[in-house]
Amino acid sequence: MIRERIHKIQSELPPSVKLVAVSKFHPVSELMEAYDAGQRIFGENRPQELAAKVPQMPSDVQWHFIGHLQTNKLKLVLPYVSMLQSVDSVRLLDAVNAWCVREGRVLDILLELHLGAEETKGGLTEREIENDILPKASAYAGVRFCGLMGMATHTDDESVIRADFARIASLHSRLRTTFPALTSFTELSIGMSSDYPLALSAGATIIRLGTTIFGPREY
Ligand SMILES: *Cc1c(COP(=O)(O)O)cnc(C)c1O
């Protein structure tokens, strides 16, 4: 089943769009089914679970961390990931950068924009990204700014989701114009199982699918 779902999704995606298989809460046996179907990028959102799965999977897996990361958990996550998609505060950015500089690494990161209803979750504001972080991008020697990540409002109202995706896509293109020296700032990670067709229309370059690939999660 997992194999067929991966092949179906991959056949429908433009070749330039990367698929992250969000494997949180699913056992390694299911991740291996996806791996055997050709999937190489996996997304996890809990540090302990990531650290436990990494040694059980082949070494050519690319792990993306997509959840809230506390600054005291960096060493459970950063050694293993090829991308940290969920940089959701300046404090976390500073801590990640300092850790990478100490380790002599440069880590690919996405800045997570706070999208959706005011009361929902975390994330950076447009102002923090545009006025505080990116003007100082060259001072962050430990990270490579690869683009933006966002989660649309959790709603059945497509017009709300479209508006969220349009906002992050337009911020992304404005930032690329404002900061042309940031040549790596190409990625737009939007779209989950319920809304990825809308995300693709809005210009997603990375989509993050859990349920569509692995079925429902049992919490
Ligand atoms: C869990 C999760 C996903 C995948 O959700 P599905 O609805 O199962 O596709 C994508 N992005 C983030 C940040 C997540 O936490």
Side-chain angles (χ1 to χ4, degrees), residues 1-14 17-54 56-58 60-69 73 76-77 80-88 108-110 112-117 120-123 146-156 158 160-161 164-165 168 187-219:
M1 270 303 258
I2 291 173
R3 163 181 295 273
E4 284 72 28
R5 290 182 195 139
I6 298 250
H7 287 163
K8 180 163 188 302
I9 298 159
Q10 286 289 13
S11 73
E12 292 165 358
L13 286 183
V17 174
K18 290 196 265 289
L19 172 64
V20 176
V22 177
S23 47
K24 63 192 187 194
F25 295 92
H26 292 283
V28 166
S29 57
E30 293 182 7
L31 277 69
M32 275 311 298
E33 277 188 58
Y35 181 90
D36 289 335
Q39 182 64 33
R40 289 296 179 271
I41 311 178
F42 290 82
E44 291 283 339
N45 74 340
R46 295 187 302 174
Q48 270 88 359
E49 184 175 350
L50 171 75
K53 282 174 172 171
V54 167
Q56 302 181 64
M57 289 292 290
D60 64 342
V61 165
Q62 298 161 46
W63 297 97
H64 286 202
F65 196 78
I66 61 171
H68 178 61
L69 180 57
K73 300 267 170 67
L76 279 176
V77 170
Y80 310 117
V81 295
S82 63
M83 178 174 272
L84 175 61
Q85 289 208 11
S86 45
V87 173
D88 56 6
D108 285 353
I109 64 160
L110 301 181
E112 182 175 350
L113 177 68
H114 179 268
L115 268 182
T120 57
K121 40 206 174 245
C146 294
L148 298 178
M149 187 271 248
M151 270 182 282
T153 307
H154 190 70
T155 171
D156 291 333
E158 278 200 4
V160 173
I161 298 168
D164 285 345
F165 287 157
I168 190 170
E187 305 287 4
L188 184 58
S189 175
I190 50 175
M192 309 175 28
S193 293
S194 57
D195 57 21
Y196 74 92
L198 299 178
L200 291 170
S201 318
T205 65
I206 299 176
I207 59 171
R208 311 176 308 267
L209 303 187
T211 311
T212 303
I213 295 172
F214 296 106
R217 289 177 287 274
E218 288 166 30
Y219 290 98

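Annotation: side chain of Leu148 is not in contact with side chain of Leu110 (no heavy-atom distance under 4.5 Å). With a 4.5 Å cut-off on side-chain heavy atoms, Met83 and Phe65 do not count as touching. In this structure, Val77 and Trp63 have side chains that are not in contact, with every pair of non-hydrogen atoms separated by 4.5 Å or more. In this structure, His64 and Ser82 have side chains that are in contact, with non-hydrogen atoms separated by less than 4.5 Å. At a threshold of 4.5 Å between non-hydrogen side-chain atoms, the residues Leu69 and Asn45 do not count as touching. Counting only heavy atoms from C-beta outward, the side chains of Ile213 and Val22 never approach each other to under 4.5 Å. Between Met32 and Pro58 the shortest side-chain heavy-atom distance falls below 4.5 Å. Using a 4.5 Å heavy-atom cutoff, the side chains of Ile206 and Gln85 are in contact.
Applying the side-chain hydrogen bond (donor to acceptor under 3.5 Å, both in side chains) test to Glu49 and every residue at least two apart in sequence or in another chain returns Arg46, Lys53. In this structure Ala51 satisfies the side-chain contact (heavy atoms from CB on, under 4.5 Å) test together with Leu76, Tyr80, sequence neighbours excluded.
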Please evaluate residues Ile190 and Leu198 with respect to the criterion side chain to side chain contact (heavy atoms under 4.5 Å, CB included), reporting the C-alpha separation (whole Å), side-chain torsions for both, the decisive distance (0.1 Å), and the verdict.
CA-CA 9 Å; Ile190 50 175; Leu198 299 178; over 6 Å; no
Pair Ile41-Lys18, side chain to side chain contact (heavy atoms under 4.5 Å, CB included): steps then yes or no:
CA-CA 8 Å; Ile41 311 178; Lys18 290 196 265 289; 3.9 Å; yes
Given Ile9 and Thr212, is the side chain to side chain contact (heavy atoms under 4.5 Å, CB included) satisfied, shown in steps?
CA-CA 9 Å; Ile9 298 159; Thr212 303; 3.7 Å; yes
Chi angles and distances behind the side chain to side chain contact (heavy atoms under 4.5 Å, CB included) call for Leu13, Leu19:
CA-CA 8 Å; Leu13 286 183; Leu19 172 64; 4.0 Å; yes
For Lys8 and Glu4: C-alpha separation, side-chain torsions, deciding distance, then whether salt bridge (charged side-chain N to carboxylate O under 4.0 Å, His left out) applies.
CA-CA 6 Å; Lys8 180 163 188 302; Glu4 284 72 28; over 6 Å; no
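Neither side chain, Glu30 nor Ser23, offers a donor N or O lying under 3.5 Å from an acceptor on the other. A donor-acceptor contact closer than 3.5 angstrom links the side chains of Ser189 and Arg208. Side-chain contact check for Thr205 and Glu187: at least one donor-acceptor pair (N or O, by modelled atom type) lies under 3.5 Å.
For the atom pair Glu158 CD and Asp195 CG, the distance stands at 9.5 Å (nearest 0.5 Å). Atom CE in Met151 sits 9.5 Å away from atom NE2 in His114 (nearest 0.5 Å). Within the model, atoms CD of Gln39 and NE2 of His7 stand 9.5 Å from one another, a figure rounded to the nearest 0.5 Å. In this structure, CD1 on Ile161 lies 6.0 Å from OG1 on Thr155, to the nearest 0.5 angstrom. With values rounded to the nearest 0.5 angstrom, Leu84 atom CG is found 9.5 Å from Glu112 atom CD. Of the inter-residue distances, the one linking Tyr35 atom OH with Ile2 atom CD1 reads 15.5 Å to the nearest 0.5 angstrom.
The heavy-atom pair separating Leu188 from Gly203 by the smallest distance is CD2-O, 3.8 Å. The two residues Phe42 and Leu31 make their nearest non-hydrogen contact at CZ-O, 3.6 Å. Annotation for Gly191 and Ala199: closest pair CA-CB, 3.4 Å, computed over non-hydrogen atoms. Across every non-hydrogen atom of Ser86 and Gly67, the tightest pair is OG-O, 2.7 Å.
For Asp156, the CG atom counts as loosely surrounded, since its 6.0 Å shell holds 12 or fewer non-hydrogen atoms of other residues, nucleotides or ligands.
With hydrogens and angles ignored, the 3.5 Å screen pairs no side-chain donor or acceptor of Asp164 with any backbone N or O of Leu115.
Ion pairing between a basic and an acidic side chain is recognised when a charged N comes within 4.0 Å of a carboxylate O; Arg3 and Asp36 show no such pairing.
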